[in-house]
Amino acid sequence: MRSNRLSVGYWAGLAALVLAGCSTAPVDNTANWSPNKLYSEASDERDAGNYERAITLYEKLEGRAAGTPLAQQAQLDKAFAHYKAGEPVQAQAAIDRFMRLHPASPALDYALYLKGLSSFNDNLGLFGSLAQQDLSERDQKAAKESFEAFKELVTRFPDSRYTPDARARMTYIVNSLAQSEVHVARYYYTRGAYVAAINRAQTALTSFVDAPALEEALYILVRSYDALGMTQLRDDAQRVMQASYPQSEFMAKGFKRDESPWWKLW
């Protein structure tokens with residue numbers, strides 16, 4: 001009898017614990033909200049900088065308004081909230097999903113623009129904390145991804161309201177990539193690796209057009225050929241430099257570090 005009473009007491013206690021656990025389950029305060037109210041509250045949270053909360057609400061809205069234009073808008077706004085929260089990987093994943101689900105959406109130009117922005121503003125790419133370091137000296141993977149998204153935008157939607165800014169950012173990215181090559185060329189030159197310096201300077205000159213960094217690339221060629229005693233090639237590079245940059249200060253003053261970087265457009 002005692003054993004039975006213990007068993008009954010055990011199961012009663014266990015049931016009480018289960019019921020207690022159920023009673024403390026989180027309550028979804030949005031359960032009775034309309035899709036419009038969900039969207040309004042999510043947007044308010046986003047505008048207030050509460051991106052995590054906004055993302056949660058946008059995800060709820062996606063489920064409740066599935067198949068509607070409001071759900072599509074929620075997907076884009078969620079991507080924007082990830083972007084503003086400094087979460088470029090999540091932002092791009094959300095954008096890629098939107099583009100896969102809605103390839104004919106009238107908002108596709110905005111999706112491409114946002115995809116470019118999410119890489120353009122990546123902390124490992126162009127616009128992270130500078131910390132005395134040129135942007136072009138950083139990892140260029142994000143810059144290249146950003147360029148491809150902007151390129152697709154301006155190619156497919158030349159009349160989009162986002163295209164002019166995308167073009168400007170593409171120019172910035174090209175200049176930054178050219179400067180990256182020149183930084184490497186200068187690094188090799190200062191360490192006496194003149195052949196390597198020549199190769200990287202030539203890469204910049206053949207891969208990019210009208211980038212500000214090309215002036216220094218030519219100067220590195222001149223100095224490297226001179227250091228190797230290759231006088232004919234040195235003179236050829238110098239003639240090209242004088243024709244292209246007749247007012248260049250490199251020939252008179254050597255390498256320089258501008259206090260106001262050329263790449264700072266915004």
**Request:** Indicate whether the side chain of Thr203 and that of Glu181 have a donor and an acceptor atom separated by less than 3.5 Å.
**Result:**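 Thr203 vs Glu181: no donor-acceptor pair found between side chains.
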**Item:** salt bridge (charged side-chain N to carboxylate O under 4.0 Å, His left out) between Glu41 and Lys37, intermediate numbers included
**Value:** CA-CA 6 Å; Glu41 292 292 331; Lys37 179 174 175 58; 3.4 Å; yes
**Asked** Do Gln179 and Asn175 have a side chain donor and acceptor closer than 3.5 Å?
**Response** no
**Request:** For Asp47, look at atom CG and say whether over 12 heavy atoms of other residues, nucleotides or ligands are found less than 6.0 Å away.
**Result:** yes
**Cluster link Leu70 to Phe80, ILVMFWY, side chain under 4.5 Å** = no
**Item:** Gln238, Gln232, Arg234 screened by side chain to side chain donor-acceptor pair (under 3.5 Å) with Asp236, the one that passes
**Value:** Gln232
**Asked** Is the backbone N or O of Glu215 less than 3.5 Å from a side-chain atom of Ser244, with the two atoms forming a donor-acceptor pair by type?
**Response**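 Looks like no, no N/O pair under 3.5 Å.
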**Prompt:** Is there a donor-acceptor contact under 3.5 Å from the side chain of Ser146 to the main chain of Gly116?
**Reply:**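 A pair under 3.5 Å: yes.
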**Message:** When you compare the side chain of Ile198 with that of Leu228, does any pair of heavy atoms fall below 4.5 Å?
**Reply:**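 Heavy-atom side-chain distance check passes, below 4.5 Å.
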**Request:** Report the C-alpha distance between Asp235 and Tyr225 in whole Å, list the side-chain angles of each, state the deciding distance to 0.1 Å, and finish with yes or no for side-chain hydrogen bond (donor to acceptor under 3.5 Å, both in side chains).
**Result:** CA-CA 9 Å; Asp235 293 343; Tyr225 285 135; over 6 Å; no
**Prompt:** Does Tyr39 offer a backbone N or O that forms a donor-acceptor pair with the side chain of Ser43 under 3.5 Å?
**Reply:**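 Yes: the side chain of Ser43 pairs with the backbone of Tyr39.
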**Asked** Which ILVMFWY residues can you reach from Tyr188 by hopping between side chains whose heavy atoms are under 4.5 Å apart?
**Response** Val184, Tyr187
**Mutual orientation of the aromatic rings belonging to Tyr162 and Tyr113 [parallel < 30°, tilted 30-60°, perpendicular > 60°]** =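 Aromatic pair Tyr162/Tyr113 classed parallel.
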**Request:** Establish, from distance only, whether the side-chain atoms of His82 and Gln90 form a donor-acceptor pair under 3.5 Å.
**Result:** no
**Prompt:** Got a second to check how far Lys84's NZ is from Ile55's CD1, nearest 0.5 Å?
**Reply:** 12.5 Å
**Asked** Parallel, tilted or perpendicular for Tyr189 and Phe255, by the 30°/60° rule?
**Response** tilted
**Request:** List the steps, then state whether side-chain contact (heavy atoms from CB on, under 4.5 Å) holds for Val240 with Leu221.
**Result:** CA-CA 11 Å; Val240 173; Leu221 280 184; over 6 Å; no
**Asked** Do Val89 and Tyr51 sit in the same hydrophobic cluster, where Ile, Leu, Val, Met, Phe, Trp and Tyr count as joined when their side-chain heavy atoms come under 4.5 Å apart?
**Response** no
Identify every side-chain donor-acceptor pair in residues 96-110 under 3.5 Å, counting partners at least two apart or on other chains, and give the distances.
unit_1 : atom_1 : unit_2 : atom_2 : d
Asp96  : OD1    : Lys115 : NZ     : 3.0
Arg97  : NH1    : Glu62  : OE1    : 2.8
His102 : NE2    : Gln75  : OE1    : 3.1
Ser105 : OG     : Ala107 : N      : 3.0
Asp109 : OD2    : Ser160 : OG     : 2.7

**Prompt:** How would you list, by chain and number, every residue that makes a side chain to side chain donor-acceptor pair (under 3.5 Å) with Arg156, sequence neighbours excluded?
**Reply:** Glu152
**salt bridge (charged side-chain N to carboxylate O under 4.0 Å, His left out) assessment of Arg169 paired with Asp165** = CA-CA 6 Å; Arg169 291 174 188 270; Asp165 187 64; 2.5 Å; yes
**Request:** Please check if Tyr58 and Leu114 belong to a single hydrophobic cluster, counting links between Ile, Leu, Val, Met, Phe, Trp and Tyr side chain heavy atoms closer than 4.5 Å.
**Result:**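 In one cluster with Tyr58: Leu114, no.
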**Request:** Check whether any side-chain heavy atom of Phe150 lies under 4.5 Å from a side-chain heavy atom of Phe120, and answer yes or no.
**Result:**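 Yes. Closest side-chain heavy atoms under 4.5 Å.
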**Message:** Using modelled atom types and a 3.5 Å cut-off, is there a donor and acceptor pairing between side-chain atoms of Ser176 and backbone atoms of Tyr172?
**Reply:** no
**Request:** Indicate, with yes or no, if Val195 and Tyr219 share a hydrophobic cluster defined by side-chain heavy-atom contacts under 4.5 Å among Ile, Leu, Val, Met, Phe, Trp and Tyr.
**Result:** yes
